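This report concerns only the one structure given below.
Side chains are part of it too, since the values below use all heavy atoms of this structure and drop only hydrogens, waters and symmetry mates. Below, read A as the first sequence line, B as the second, and so on, with proteins coming before strands; counting in each chain starts at 1. Given the structure is predicted, the values throughout are model-derived calculations rather than measurements.
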Amino acid sequence: MMPPPNVTGVLHLGHAWDNTLQDIIVRFRRMQGFDVLWLPGTDHAGIATQARVEKALREEEGVSRHELGREAFVERVWAWKRRYGQNITEQLRALGVSCDWSRERFTMDEGLSRAVREVFVRLFEKGLIYRGRRIINWCPRCATALSDIEVEHREVEGALYHVRYPAADGSGELVVATTRPETMFADVAVAVHPDDDRYRGWIGRRVRLPLTEREIPVIADAYVDPAFGTGCLKITPAHDPNDFEVGQRHGLEMPQCIEADGRLNEWAGPYQGLTCEEARQRVPEGLAAGGFLGKRESIVHAVGHCSRCDTVVEPFLSDQWFVRMEPLAQAALAALGRGELRFVPERFEKVFVHWLENVRDWCISRQLWWGHRIPAWYCGDCGGVTVAREDVTTCGECGSTDVRQDEDVLDTWFSSALWPFSTMGWPDDTADMLRYYPTNVLVTGYDILFFWVARMVFMGLEFTGRMPFREVVLHGLVRAADGRKMSKSLGNGVDPVEVIDRFGADALRFTLANGTSPGNDQRFHWERVEGSRHFINKIWNAARFVLMNVPAEADLPEPEQVNLEVADRWILHRLAETVREVTGHLERADFGEAGRALYDFAWDDFCDWYIEFSKLSLYGVDERRRSLTQAVLVHVLDHLLRLLHPFVPFVTEGIWRHLPGRRQPLAVADWPVARPGHADPHAVRQMNAVKEAIRAVRNIRSERSVPPSKQVPMLIRCQDGEAEALLESVRPYLVRFCQLSDLTIGVDVQPPELAVTAVVSGAEIFLPLAGLADMQEERARLERERQRLAAEVERVDKKLGNPQFVAKAPAEVVAAEREKAADYRAKLAAVEERLAALGKADGA
RNA sequence: GCGGCUGUAGCUCAGAGGGAGAGCACCACCUUGACACGGUGGGGGCCACAGGUUCGAUUCCUGUCAGCCGCACCA
């Protein structure tokens, strides 16, 4: 189930990340043979879409939505949706998402709208939706109510004014402290703490509200913090949520002095018509003129801002619809307690639980036109409210035909909360509901944990009795290179389409999925995308190499263990290991680790070592050998492509088509299973020894500036017959990769007089570099080596000498240390012997 | 105030109770018959700090410092 993006929005990197991860899961599971449904769709995004269309209307035609009228305006939004609604889904297609487009849904589709109504009516009938006059968050600019989580609190520097409220009987005054002097016209009381000795005598008296002739009572309420400001608090129930509660407790009036447009009304007397901001300047001036203003302190306090337009949000008393959260949250908490939902990473469960435990009722009505209109009708005769699934023409209470539908629409998130089941045909018992609900996994950003995940959880539980998903995988945000959030205002956003145009969708996908850890943010760097492209290019070239060297129509056999050489057995072992790792990481939704395992295997093991090794047999004369190598090459490439496919579907599919005998698309090929028969730790040890020898020689050549093209002779003295057999078996590789003119391998090889030596596990390597070898330097080099090895021996000996370690550490760890000790000791002895020999040669 | 995340190579970031890793950047060499979007070799890190647990801690625990993010009604 795809988190539905805003239908008229544009794709950003967050979407790209989210959908890449989902697509990886989907492709992976599909290849594993699961019956996978990935359902795409878009969200009507009430405020955002309406604002966008309004802006366009204003700019292009100079008309407001009010001039157009509701019906015409909504039609215009639909037209807009029809015109631009495909944008974002086309961008998703470009990203390569493999969802089922035939099932695409839109939150305002008929079916989904029906689900919305059904849910609304049922919740209303159950008493879980109610209409009430409450303080809500009002955005003056969007001209609508907002829910608590659509408000962002930010620390802002403000002023705390001390205002004198004279006693009504003329004896004394109370000083209240306020940051919002403009709301004083709606004050209905001054509150003090009941235990505050300073003001005990004032309780029950009256004070006169400055700038007006009104008198208001002094009341006692424990909400007041005596230590803050002056300990006197003005109570403005209509413009402050806490004051509202105080007002309710004391049965106070709740006059409003600020209107929905953010301007003061007649309660403000001479200040009527001013905006809040203007009034915040002018009222203190008026107070000062009247001698009512005390001191002014600077204060930093948290002020709510509209999460969409950043306007300061006004607490505003009005009639709104709410969802009663307590029972729903309790049910969600109970289900969580039963372990019905798994969070990846786990830590988000705590955040989630905390939110549910403290959640307040959800304000769901929005003063917009674009959205699901609230299915409630008010009767002009009896005042009754009728809530119904079908539009009504008569009052449900008195039968009057003078009914009028509520003007408001529902919060966009109300419909997205139903997404997991509304998209499957709920409330009908559809086949899809039976087959696909509950879903397995939800992937989304942690930034909408409350907005969306939480609400799907309690709606799902309430209406289907099940968690809508068993697992929720949360990822972070894509940030700009400097670590800041990408935002329109900063202009530091990166357009995924541009990334795709420049580097390809695969490169973008690989970048987003790779090298990240679960739940953490990532920064976007063009260099990383470039790196991904290089990797993909490497794969492409490796594939080209394989295809060039394999007959097009060949019916290559599955590689058989018995006939294979070290390198073959080693690469098959590494492949099996990689299959296991990648599968495991994907099952745990650890995409970064899966990507890393693939990167390392593909680049280091396959390209840098195996392909290089394969060239010898491919270009050699032994036909049997050649066809075996071809079989291994194709086998490994085949499996590598399968493993890579969820990450980079385009390139892998493209290469796959060229592989001999591949008729089915890669997307429906089987996911590889590690073959136990390919496990070969012995081959790994052998190959490591070979790699060590090759590296040692390359190192020497590089250090001694022996040109890569210059061939040199080499002698290897082996510790035992086993080492000899191994090195002998890879003789051609040594000759080639070390650029040798001659190679002697044996147990009783005599070191030449003048030679550079490298000690590796099981053998000593001699390069008789007469003329090139500087014995002075050689001695110094061996001395450094001796010291390094001596330090290692000492460290390991110390460990093994500790009886506690031998007694308590796991046996395999101890055994490994013993093996290391033996290896280091042998190497050290060889180096020391060599040094001694050099000394003799020098002296002689 | 409560909760969480992060601190590892010049940069961006992985990692894991037993000898510090990758990519990029850097230095040297290399037009070797897939790939210069490449190859080979190399330099570079008291794994923020201080305690504790452990035979053993960069990894687990506690605290400190620094950066960041949620949540919260302090007027």
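Contact annotation for Pro810(A): base contact, defined as any heavy-atom pair under 4.0 Å involving a base atom. Gln522(A) comes within 4.0 angstrom of nothing in the nucleic acid, heavy atoms only. Nucleic acid contact for Asn699(A): sugar-phosphate only, since backbone atoms but no base atoms lie under 4.0 Å from a heavy atom of the residue. Contacts of His153(A) with the nucleic acid, taken as non-hydrogen atoms under 4.0 Å apart, are absent. At the heavy-atom level, Phe535(A) lies nowhere under 4.0 Å from the strands shown.
Here rA75(B) presents its P atom at 11 Å from CG of Asp243(A), a figure rounded to the nearest Å. Note: CG (Asp447(A)) to C1' (rG70(B)) measures 11 Å, nearest angstrom. Residue Trp609(A) contributes atom CH2, which lies 13 Å from atom P of rG39(B) at whole-angstrom precision. Distance, Gln804(A) CD to rC55(B) P: 6 Å, rounded to whole Å. Distance Asp521(A) CG to rG67(B) P: 18 Å, rounded to the nearest Å. Here rC73(B) presents its P atom at 19 Å from NZ of Lys234(A), a figure rounded to the nearest Å. Taking atom CG of residue Leu512(A) and atom P of nucleotide rC13(B), one finds them 14 Å apart after rounding to whole Å. In this structure, His305(A) places its NE2 atom 18 Å from C1' of rG70(B), rounding to the nearest Å.
Comparing the P positions of rC5(B) and rC24(B) gives a spacing of 32 Å, expressed to the nearest Å. Across rG17(B) and rG67(B), the matching C1' atoms stand 28 Å from one another, rounded to whole Å. Atom name C1', nucleotides rG42(B) and rA57(B): the rounded distance is 31 Å, in whole Å. With P as the reference atom, rA72(B) and rG3(B) are 15 Å apart, rounded to whole Å. Between rG7(B) and rU64(B), the distance separating the two C1' atoms is 14 Å to the nearest Å. Look at the P atom in both rC26(B) and rC68(B): the space between them is 31 Å, to the nearest Å. Separation of the P atoms belonging to rG43(B) and rC55(B) is 36 Å when rounded to the nearest angstrom. Comparing the same atom, P, in rU58(B) and in rC47(B) gives a spacing of 7 Å after rounding to whole Å.
Within 6.0 Å of NE2 in His301(A) there are more than 12 heavy atoms belonging to other residues, nucleotides or ligands.
Using a 4.5 Å heavy-atom threshold, the side chains of Trp17(A) and Leu508(A) count as separate.
When the side-chain nitrogen and oxygen atoms of Arg701(A) are compared with OP1 and OP2 of rG41(B), none of them lie within a distance under 4.0 Å. For rC74(B), neither phosphate oxygen OP1 nor OP2 lies less than 4.0 angstrom from any side-chain nitrogen or oxygen of Asn242(A). Within the structure, a side-chain polar atom (N or O) of Arg360(A) is placed less than 4.0 Å from OP1 or OP2 of rC73(B).
A centroid separation of less than 6.0 Å is found between the aromatic rings of Phe524(A) and Trp526(A).
For the pair Asp521(A) (side chain) and Leu477(A) (backbone), a donor-acceptor distance under 3.5 Å is present. Proximity of a side-chain donor or acceptor of Asn537(A) to a complementary backbone N or O of Arg533(A) within less than 3.5 Å is not detected.
Along RNA chain B, the nucleotide nearest Val813(A) and the nucleotide nearest Lys350(A) are compared for position; the residue whose nucleotide lies closer to the 5' end is Lys350(A). Looking at which nucleotide of RNA chain B each of Ala809(A) and Thr230(A) is closest to, the 5′-most match is held by Ala809(A).
Of the candidates rC71(B), rG4(B), rA75(B), rG4(B) carries the atom nearest the Arg347(A) side chain, counting heavy atoms from C-beta on. Nearest to the side chain of Asn802(A), among rA14(B), rG18(B), rC55(B), sits rC55(B). In the set rA75(B), rG41(B), rC71(B), the nucleotide with an atom closest to the side chain of Arg695(A) is rG41(B). Of the candidate nucleotides rA75(B), rC13(B), rG18(B), rC13(B) has the atom lying nearest to any side-chain atom of Arg523(A). You'll find that the side chain of His354(A) is closest to rC71(B), out of rA14(B), rC71(B), rG18(B).
Ring pair Tyr610(A)/Phe606(A) is parallel by interplanar angle, where below 30° counts as parallel and above 60° as perpendicular. Ring orientation note: the planes of Phe352(A) and Phe343(A) are tilted relative to one another, at an angle of 30° to 60°. Ring-plane geometry between Phe737(A) and Tyr733(A) is classed as parallel, the angle between the planes falling under 30 degrees on a 0 to 90 degree scale with a further cut at 60.
Residues that satisfy the ring-ring contact (aromatic ring centres under 6.0 Å, His included) test with Phe244(A), not counting sequence neighbours, are absent from this structure.
Closest approach of Asp187(A) to Thr183(A), counting heavy atoms only: OD1-O, 3.4 Å.
Figure legend: cation-pi geometry between Lys538(A) and Tyr599(A) absent, as NZ or CZ is not positioned both under 6.0 Å from the six-membered ring centre and within 45° of its axis. A cation-pi contact, defined as under 6.0 Å to the ring centre and within 45° of the axis, is absent between Arg574(A) and Trp609(A).
For RNA chain B, if you chain together Watson-Crick or G-U pairs that step i with j, i+1 with j-1 and so on, the runs of at least three with distances under 3.5 Å are B:1-7 with B:65-71, B:10-13 with B:21-24, B:26-30 with B:38-42, B:48-52 with B:60-64.
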Please encode protein proximity along nucleotides 20-37 of chain B as a string of B, S and -, counting only heavy-atom distances under 4.0 Å.
---S------S--BBB-B

